[in-house]
Asker: 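Take a look at the following structure, please.
Proteins get letters first, then strands, A, B, ... in listed order; numbering begins at 1 in each.
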Amino acid sequence: MSDSVVELVEDGPCRFRIPRRAGMRVDGVVFATPGLLPEMAGDQALKQVENVAKLPGIVGASYAMPDVHWGYGFPIGGVAATDTEAGGVVSPGGVGFDISCGVRLLAARCDREALDDHLELLMDALGHATPRGAGKGAVWHLGRSELREVLAEGARYAVEQGHGVQRDLDRCEDEGVLEGAAAEGLSDRALQRGLGQLGSLGSGNHFLEVQAVDAVYDERAARAMGFAEGQVCVMIHCGSRGLGHQVCTDHVRKMDRAMARYGIEVPDRQLASVPADSPEGEEYLAAMAAAANYARANRQLLTESARGVFRRIVGADLDLVYDISHNLAKIEDHQVNGDRRRLCVHRKGATRALPAGHPDLPEDLAEVGQPVLIPGTMGTASYVLTGVPEGEAWYSTCHGAGRVRSRHQAAREVRAGRLRGELAEAGITVRAGTARGLAEEAPLAYKDIDEVVAASEGAKLCSKVARLVPIGVVKG
DNA sequence: ATGTGC
């Protein structure tokens, strides 16, 4: 089909536009440098940006972040907001299978020199204390009633049960709990999968990493966030495991059937969606919130197990810098053409980035903005950014490096043993789940994180606070 | 991402 070629117009620094044409309700906007545009053979990411622009009720534009790549229905690295008061839809594909997958950063009360003598011991202990791998759990074995509490109350319930401190809630997005969660709406299969996985990493690109602050670009922000150059940090990247996956599967199926009743047609079945304020839409948002709460509690429990290891081996405590999701739909108020509107903002592989002065920020971050946590790959840097007042795309930015090689292709090209050696030479020690998993996550399978962050900053989506480098990696 | 694919 000739119309499958996407027209892309250069439209300012780090910015391309996909002009509106037949069926599109808004433009597509791709924040990237030419070198970061998807070029993997068969990569349909830009076509997906165009498809998303056809969703009922979409406002602004169909946005793509510099780490954009091909995903289920929506591209990963996509942001789309719909007007809930004007028939705007919600789509599970706009959130992704790993609901509320996200990143949490902890600052250790020690500098990197403190690890010199016992890094291997520390990594062995972290590897031992961190359940991981497909289908594997869990730090906390739950009963059914406890699971319901986790789904309703998220990290707040974990902290109430003694797994954490008040600051863990103060520094978590939504203070640790997304309101409006309804565990009753979850299928028995979703609940069953959630029972045995709370406090586990999963697999793929999920990790727990010991890092050091390598450079600080914004001293004032770093101080307020709670870290300084040379300090040791722990970054945890994981999500809602099998439970979130099952919630997505269940609701894609339901919406696929319900769509016709609302007169909704989408260019790709993977974009299955219903009005956000319809019974099916509200049911999805409530189930999604429950999965998001599970993800936050999951990261909270992994935090507690890492804390135990750090106290025992290093004698240092870990303080939460922030916890932020990059796979979520949220109901948010925004200005649209001069009017305050209630939007359903889908961020899939994209991170909320609130600027200084935003009312949703905790008091001690009000003057510097929300920490935006961007994981690199296991051989490369990670970043802490913050939102900026210009913040287009409903205050959103990138979420990571973004894949450029498929898992299959990476596994074919990379030998795990050799990769492990290269990482060791670079001073990075790895505790891997499987050799295959390690190869699939090799740095060469991803875009250059430094370029992605530079493009995000160049597009005025965020501003750099600090760069972190890996020391030890626990891989799923 | 995922008890790794209809």
Asker: Base, sugar-phosphate or nothing for Gln197(A)? Non-hydrogen atoms, less than 4.0 Å.
Answerer: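 Sugar-phosphate, no base atom in range.
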Asker: Quick check: does any side chain N or O of Thr82(A) sit under 3.5 Å from a backbone N or O of Val89(A), one acting as donor and the other as acceptor?
Answerer: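 Judged by distance alone, yes, a pair lies under 3.5 Å.
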Asker: Can you tell me the distance, in whole Å, between the CG atom of Asp250(A) and the P atom of dT2(B)?
Answerer: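 Rounded to the whole Å, the gap is 16 Å.
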Asker: Between P on dG5(B) and NE2 on His408(A), what's the gap in Å once rounded to a whole number?
Answerer: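 Taking NE2 of His408(A) and P of dG5(B), I get 15 Å after rounding.
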Asker: Given Glu440(A), which of Arg405(A), Arg403(A), Arg407(A) fulfils the salt bridge (charged side-chain N to carboxylate O under 4.0 Å, His left out) condition?
Answerer: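 When salt bridge (charged side-chain N to carboxylate O under 4.0 Å, His left out) is applied between Glu440(A) and each of Arg405(A), Arg403(A), Arg407(A), only Arg407(A) qualifies.
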Asker: Would you say Thr249(A) places a side-chain N or O within less than 4.0 Å of OP1 or OP2 belonging to dT2(B)?
Answerer: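 No, Thr249(A) has no side-chain N/O under 4.0 Å of OP1/OP2 on dT2(B).
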Asker: Could you state the atom-to-atom distance from CD1 of Ile99(A) to P of dT2(B) in whole Å?
Answerer: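 Taking atom P of dT2(B) as the reference, CD1 of Ile99(A) is at 12 Å.
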Asker: Would you kindly give the NE2-to-P distance between His245(A) and dT4(B), to the nearest whole Å?
Answerer: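 Interatomic distance, NE2 of His245(A) to P of dT4(B): 9 Å.
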Asker: In whole angstrom, give the distance that lies between atom CD of Glu440(A) and atom C1' of dT4(B).
Answerer: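 Interatomic distance, CD of Glu440(A) to C1' of dT4(B): 9 Å.
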Asker: Answer with base, sugar-phosphate or nothing: what part of the nucleic acid does Gly242(A) contact at a heavy-atom distance below 4.0 Å?
Answerer: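 Contact class for Gly242(A): sugar-phosphate only.
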Asker: Indicate whether any N or O donor in one side chain lies under 3.5 Å from an N or O acceptor in the other, for His163(A) and Gln161(A).
Answerer: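 Not at all, the side chains of His163(A) and Gln161(A) share no donor-acceptor pair under 3.5 Å.
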Asker: Would you say Tyr262(A) and Glu280(A) are linked by a side-chain donor-acceptor pair, where the criterion is simply a distance under 3.5 Å?
Answerer: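 Tyr262(A) and Glu280(A) do have a side-chain donor-acceptor pair below 3.5 Å.
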Asker: I need the CZ-P distance between Phe97(A) and dT2(B), as an integer number of Å.
Answerer: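 It is 12 Å, rounded to the nearest whole Å.
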Asker: Do Tyr395(A) and Gln370(A) have side-chain N/O donor and acceptor atoms under 3.5 Å apart?
Answerer: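 Gln370(A) and Tyr395(A) do not have a side-chain donor-acceptor pair below 3.5 Å.
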Asker: Rounded to the Å, how far apart are Asp98(A) CG and dT4(B) C1'?
Answerer: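 To the nearest whole Å, that distance equals 14 Å.
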Asker: Separation of Tyr294(A) atom OH from dT2(B) atom C1', in whole Å?
Answerer: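 About 13 Å, once rounded to whole Å.
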Asker: For dT4(B), does either OP1 or OP2 sit under 4.0 Å from a side-chain N or O belonging to Arg407(A)?
Answerer: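 No, no such contact exists.
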Asker: Answer with base, sugar-phosphate or nothing: what part of the nucleic acid does Gly204(A) contact at a heavy-atom distance below 4.0 Å?
Answerer: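 The answer is sugar-phosphate, as Gly204(A) gets under 4.0 Å only of primed atoms, P, OP1 or OP2.
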Asker: Check every strand shown and say whether Arg436(A) touches a base, only sugar-phosphate, or nothing at a heavy-atom separation below 4.0 Å.
Answerer: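 It contacts nothing in the nucleic acid.
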